[in-house]
Number of protein chains: 2
Amino acid sequence: MTRLRPPASTTYGLDNLPYGVYSVPGQTPRVATRVGGQVIDLTLLLGEDVFARPSLNAFMAQGHQRWAQVRARLREAVSGDVPDPAVHDLADVTLHLPFEVTDYVDFYASEHHAANLGRLFRPDSAEPLLPNWKHMPVGYHGRTASIVVSGTDIVRPHGQRLPADAPAGSRPAPEFGPTRRLDVEAELGFVVGVGNPLGEPIGVTEAERHIFGVVLFNDWSARDIQAWEYVPLGPHLGKSFASTVSAWVVPMEALQAARVPTPTQEPGVLPYLALAEPWGLDIAVEIEWNGQVVSRPPYAAMYWSPAQMLAHLTANGAPTRTGDLFASGTISGPEREQRGAFVELTWGGTEPVEVAGEPRTFVEDGDEVVLRATAPGSDGGRIGFGEARGRILPAR
Amino acid sequence: MTRLRPPASTTYGLDNLPYGVYSVPGQTPRVATRVGGQVIDLTLLLGEDVFARPSLNAFMAQGHQRWAQVRARLREAVSGDVPDPAVHDLADVTLHLPFEVTDYVDFYASEHHAANLGRLFRPDSAEPLLPNWKHMPVGYHGRTASIVVSGTDIVRPHGQRLPADAPAGSRPAPEFGPTRRLDVEAELGFVVGVGNPLGEPIGVTEAERHIFGVVLFNDWSARDIQAWEYVPLGPHLGKSFASTVSAWVVPMEALQAARVPTPTQEPGVLPYLALAEPWGLDIAVEIEWNGQVVSRPPYAAMYWSPAQMLAHLTANGAPTRTGDLFASGTISGPEREQRGAFVELTWGGTEPVEVAGEPRTFVEDGDEVVLRATAPGSDGGRIGFGEARGRILPAR
């Protein structure tokens with residue numbers, strides 16, 4: 001037996017206890033938690049078969065009462081003597097995509113991000129926000145098959161894009177080639193543990209019982225492909241080549257101390273979107289580009305909350321299922337160094353940032369981008385979200 | 001043993017042999033084919049466990065050589081003596097969603113549909129088609145969880161929409177309520193049998209080995225919800241409440257006699273979309289509204305082919321999997337009575353059609369809409385696609 005002794009400064013203490021899926025050579029993947037720098041096998045720790053699986057879906061489907069019970073048992077179990085075979089150093093394991101993604105919606109919930117993109121892409125318009133933006137969390141569906149776990153390399157995608165040197169006002173034919181404007185979007189993703197049947201929306205006050213936890217999410221974006229394709233049906237191949245999620249799902253219950261009011265919503269929202277309790281999240285995100293932190297987007301500045309996103313997503317009776325993922329959209333704060341996408345940070349590529357001494361605009365081959373985040377925990381310290389890491393390989 | 005004796009006029013003869021999933025009371029769903037008005041259990045007929053499952057996915061994943069081998073064996077087996085317990089009358093079985101949908105993309109492949117919508121929604125523009133339309137099959141992702149099998153009732157969805165009586169040019173606040181402009185979209189859906197790994201696109205000449213078969217697809221659409229939400233990220237809740245697929249998947253191999261050239265593509269397409277063989281499909285679709293056929297959209301008029309859609313969908317390296325579904329978008333021909341959506345057929349609701357003696361524009365509570373289709377078969381007759389049937393229940 002082992003007594004876990006995480007350092008006092010850890011962001012993976014007893015107030016975090018995230019869930020992930022790990023394997024060691026010769027063993028099939030199964031569910032674990034993380035304490036300090038160690039990964040703890042939950043099948044061995046708690047003696048339950050629901051964790052002897054390659055995804056969290058079976059456990060998540062058991063519902064929010066079970067989530068609370070298991071979390072309480074887990075907190076007790078990792079405080080006592082832990083069976084040696086259950087404990088691995090993080091460096092010795094492979095981490096896998098922690099859940100099977102059944103449907104995926106990406107929202108657009110940051111007012112600063114939406115307004116920045118409006119100014120960049122509709123410079124002649126007096127209103128940076130579109131008319132619907134303050135009335136609903138605008139979102140769209142994306143591809144589930146291309147959601148990959150942190151650490152997966154990202155191949156620069158090909159696609160249709162207009163020639164770089166096309167004269168303004170001309171109508172050039174598109175070319176097909178590797179994207180020239182590869183970007184990141186720093187987001188959080190929310191994982192549905194228990195869904196809703198067809199025709200029965202999830203009320204905004206019921207969201208707590210449906211949302212299992214939170215992941216980091218990098219919605220890699222090829223801006224030139226996206227710009228050419230997206231009217232009128234929205235983004236498709238500019239996004240669908242890959243999205244990176246963190247390997248750890250932080251349970252909503254670990255985020256009680258991070259709950260804050262969302263910014264005032266004016267004009268007032270329709271009743272089906274009206275919050276009864278604070279659903280904002282004081283989560284500090286950072287974007288590291290080739291080892292240098294270039295932006296610190298504050299999640300607390302997000303206009304639309306996850307409860308509102310889920311209520312909107314199902315308001316027409318659309319069903320969700322265990323493993324549904326909805327992401328926040330790019331997190332951008334009011335300041336330049338809080339912008340969550342490089343197209344904003346470098347203002348469409350016109351205002352480079354210095355990365356390791358070089359002026360940079362979009363992501364280049366060989367670059368590595370890592371998202372990280374922390375939030376206040378319940379024990380006075382902070383809790384961590386792992387990382388969403390991706391390195392860019394040249395186009396094939 | 002039984003000798004099947006389908007009538008000579010059947011559209012479910014030996015040149016069709018579609019795949020579906022059925023159950024009878026007390027038995028779990030499993031795979032079957034249809035001959036005439038009878039459903040034949042494939043586990044009992046062929047003695048293979050891969051069919052003793054509630055979806056086609058395991059069989060589809062075995063690849064196109066297996067599809068051909070099984071089809072040949074099936075044709076032989078249903079021509080001879082068939083074990084009695086394998087045979088059920090269609091009226092005695094329940095048909096289920098035939099495959100597990102892993103990702104879903106809806107395209108926009110009809111030039112007549114895209115041009116009609118351009119004229120309806122952008123009347124001031126000289127060009128009904130947007131600049132990208134002739135260069136790529138434009139498409140977007142949709143929700144897989146709300147794809148239901150033919151016969152499932154459709155509840156009129158709620159959503160945000162602008163007030164019906166808002167003065168032109170005003171900026172009214174949206175209301176939340178049941179859609180007032182519920183519409184259909186007559187489409188075909190293409191089912192991916194074998195997908196592609198992340199980063200390895202499916203070439204347009206390789207599509208044959210990946211596309212398993214074809215279903216009817218009704219992409220129910222709430223036009224008022226869609227109109228308010230869709231800029232800039234595309235359709236979402238105006239579509240995600242439900243889509244109806246037929247219970248039978250017609251194998252691509254059954255459609256050899258239906259293969260025709262697609263319309264001339266001018267300007268020429270980029271090399272990754274260039275077809276080496278005819279990929280158009282001469283499939284005659286019809287839309288029945290409360291028992292009356294109101295439109296006969298010709299699939300042969302579609303501008304973009306399924307091979308091009310699949311090549312485009314994966315051109316950026318996006319992976320597909322067994323059970324991926326991509327739909328064609330509304331099928332509309334050049335004539336009024338060939339339009340595949342009621343918003344086109346009634347020109348935005350301004351030119352009602354007569355249905356059972358009443359002038360009608362959009363779909364009302366209690367209405368039933370059925371899609372059907374036939375194509376030339378290899379034995380000189382025609383083959384059928386079952387139906388995509390849905391009845392509208394009032395909003396809850």
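So you know, we letter chains A, B, ... as the sequences are listed, proteins then strands, and number each from 1.
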Enquirer: With chain A as the partner, which of B/Pro174, B/Pro267, B/Pro271 has the greatest number of non-hydrogen pairs under 4.5 Å?
Expert: B/Pro174
Enquirer: Please classify the contact of A/Val231 with chain B as side chain, backbone, both or neither, using a heavy-atom distance under 4.5 Å.
Expert: both
Enquirer: Does any backbone or side-chain atom of A/Leu233 lie under 4.5 Å from a heavy atom of chain B? Answer side chain, backbone, both or neither.
Expert: both
Enquirer: To the nearest 0.5 angstrom, please state how far the CG atom of B/Asp153 sits from the CG atom of A/Leu198.
Expert: 10.0 Å
Enquirer: Could you tell me whether a side-chain N or O of B/Arg143 sits under 3.5 Å from a main-chain N or O of A/Pro319, the two making a donor and an acceptor?
Expert: yes
Enquirer: Identify which of B/Gly317, B/Pro235, B/Gly195 forms the greatest number of heavy-atom pairs closer than 4.5 Å to chain A.
Expert: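 Most heavy-atom pairs within the cutoff with chain A belong to B/Pro235.
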Enquirer: Among B/Ala145, B/Ala318, B/Gly234, single out the residue with the greatest number of heavy-atom pairs under 4.5 Å to chain A.
Expert: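 Of the options given, most contacts go to B/Ala145.
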Enquirer: Taking the side chain as everything from C-beta on, heavy atoms only, tell me whether A/Val138 gets closer than 4.5 Å to B/His236.
Expert: no
Enquirer: Is A/Leu273 close to chain B through its backbone or its side chain, or both, or neither, when contacts mean heavy atoms under 4.5 Å?
Expert: side chain
Enquirer: A/Glu127 versus B/Arg171: any side-chain heavy-atom pair under 4.5 Å?
Expert: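 Yes, close enough: below the 4.5 Å cut-off.
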Enquirer: Under a 4.5 Å heavy-atom cut-off, does chain A meet the side chain of B/Thr179, its backbone, both or neither?
Expert: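 No part of B/Thr179 comes within 4.5 Å of chain A.
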Enquirer: So which part of B/Leu270 gets closer than 4.5 Å to some heavy atom of chain A, the side chain, the backbone, both or neither?
Expert: side chain
Enquirer: With the side chain counted from C-beta on, respond yes when B/Thr144 and A/His141 share a heavy-atom pair under 4.5 Å apart, and no when they do not.
Expert: no
Enquirer: For a quick test of reading the model, state the closest non-hydrogen atom pair linking B/Leu237 to A/Leu313 and the distance between them.
Expert: CD2-O, 3.5 Å
Enquirer: Any pair with a residue in residues 306-318 of chain A that passes side-chain hydrogen bond (donor to acceptor under 3.5 Å, both in side chains), sequence neighbours left out, goes on the list, sorted by first then second residue, please.
Expert: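 side-chain hydrogen bond (donor to acceptor under 3.5 Å, both in side chains) check on residues 306-318 of chain A returns A/Gln265-A/Gln308, A/Tyr272-A/His312, A/Ser305-A/Gln308, A/Asn316-B/Ser240.
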Enquirer: Are any non-hydrogen side-chain atoms of B/Pro232 and A/Tyr230 less than 4.5 angstrom apart?
Expert: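 Heavy-atom side-chain distance check passes, below 4.5 Å.
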Enquirer: In terms of heavy-atom pairs under 4.5 Å with chain B, which of A/Met136, A/Glu229, A/His158 leads?
Expert: A/Met136
Enquirer: Quick one: of B/Pro178, B/Gly199, B/Pro131, B/Gly159, who has the most non-hydrogen atom pairs under 4.5 Å with chain A?
Expert: B/Pro131
Enquirer: Quick one: of B/Trp133, B/Tyr104, B/Phe121, B/Tyr140, who has the most non-hydrogen atom pairs under 4.5 Å with chain A?
Expert: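 Of the candidates given, the most pairs with chain A belong to B/Tyr140.
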Enquirer: Counting only heavy atoms not in B/Arg321, do more than 12 sit closer than 6.0 Å to its CZ atom?
Expert: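 Result for CZ/B/Arg321: enclosed.
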Enquirer: So for A/Leu117, is it side chain, backbone, both, or neither that comes closer than 4.5 Å to the heavy atoms of chain B?
Expert: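 Neither part; nothing is under 4.5 Å.
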